[in-house]
Colleague: 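Sharing a structure with you now.
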Amino acid sequence: MDDVEITDVDDDSPFQVEKAPIKNPDLTSLSQTAGELLSQYGWYMLIVTVLVYLLIQQLSKRRSSRSNNNSAPETLQDASLVASRQEAMEAARMRMQEELNAKADIFREKQRQQEEEKRRQKIEIWESMQQGKSYKGAAKPPQTEEASSSTTVMKPKGDKKQLRTSDYNPLSGQGGSSCSWRPGRRGPSSGG
């Protein structure tokens, strides 16, 4: 900043006017009272102000919703749209239920046929047992005597001792099996 010199003016100068600060006794008492109120009840006043603001917002929302409810054509159109959607959903449910019923009827018919076939086979087996045949013979289609004699295969009768090898011992684990069993060790355990 620039160097500025301030000089005193003589008190005798005719151009000098003394001004006293303006004081209004009403305003000072009001400012003091407001300051005291804010210091004592400031938080309460803030909370009340916020609550009044929220109440005004809520009331304005209610008024706007009431004005929207007064528009009857939109609600009638929405109601008819909802009704048509419900009818379409009901029709689709009915179609699905009919398909399910048809599938259930087909399944029941198949089950009944299977049970009838099993019952018929049991009857055939029982009849063949009554005639002295084995039930396995009843399951096979009957063959003629010529066909049955030609399909008969003779098995060679050999000595049973020839079938066994002399070194076979089932307890030793040796032979054709892949797993083996070994007895546990005898003696005291090696605990520490």
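Bear in mind the structure is a predicted one, so any value in this text is a computation, not a measurement.
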Colleague: Any chance you could measure Lys122, atom NZ, to Glu124, atom CD, to the nearest 0.5 Å?
Modeller: 13.0 Å
Colleague: Only pairs at least two apart or in different chains count here, so list each salt bridge (Lys or Arg N to Asp or Glu O under 4.0 Å) that has a residue in residues 92-102.
Modeller: Glu90-Arg93
Colleague: State the CZ-CD distance between Arg63 and Gln58, to the nearest 0.5 angstrom.
Modeller: 12.0 Å
Colleague: Output the distance between atom OG1 (Thr33) and atom CG (Leu38), rounded to the nearest 0.5 Å.
Modeller: 11.0 Å
Colleague: Against Leu51, only a single residue in Leu55, Ile47, Thr49 fulfils side chain to side chain contact (heavy atoms under 4.5 Å, CB included); can you say which?
Modeller: Ile47
Colleague: Show which residues join Val48 in its hydrophobic cluster (side-chain heavy-atom contacts under 4.5 Å, direct or indirect), or state none.
Modeller: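 Val52, Ile56, all in the cluster of Val48.
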Colleague: Glu117: which residues meet the side chain to side chain contact (heavy atoms under 4.5 Å, CB included) condition with it, sequence neighbours left out?
Modeller: Arg120, Gln121
Colleague: Using the salt bridge (charged side-chain N to carboxylate O under 4.0 Å, His left out) rule, pick out the option among Glu116, Glu115, Glu109 that qualifies with Arg112.
Modeller: Glu109
Colleague: Looking at every heavy atom in both Met45 and Leu37, which two are closest together, and how far apart are they?
Modeller: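 Closest approach of Met45 to Leu37: SD-O, 4.5 Å.
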Colleague: Look up atom CG in Asn101 and atom CE in Met96, then write down how far apart they are to the nearest 0.5 Å.
Modeller: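 Answer for the CG-CE pair, Asn101 versus Met96, is 12.0 Å.
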Colleague: Can you tell me how far the CD1 atom of Ile123 sits from the OG atom of Ser128, to the nearest 0.5 Å?
Modeller: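 With rounding to 0.5 Å, CD1 (Ile123) is 12.0 Å from OG (Ser128).
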Colleague: Calculate, to the nearest 0.5 Å, the distance between atoms OG and CZ belonging to Ser80 and Arg85 respectively.
Modeller: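 The CZ atom of Arg85 is 10.5 Å from OG of Ser80, to the nearest 0.5 Å.
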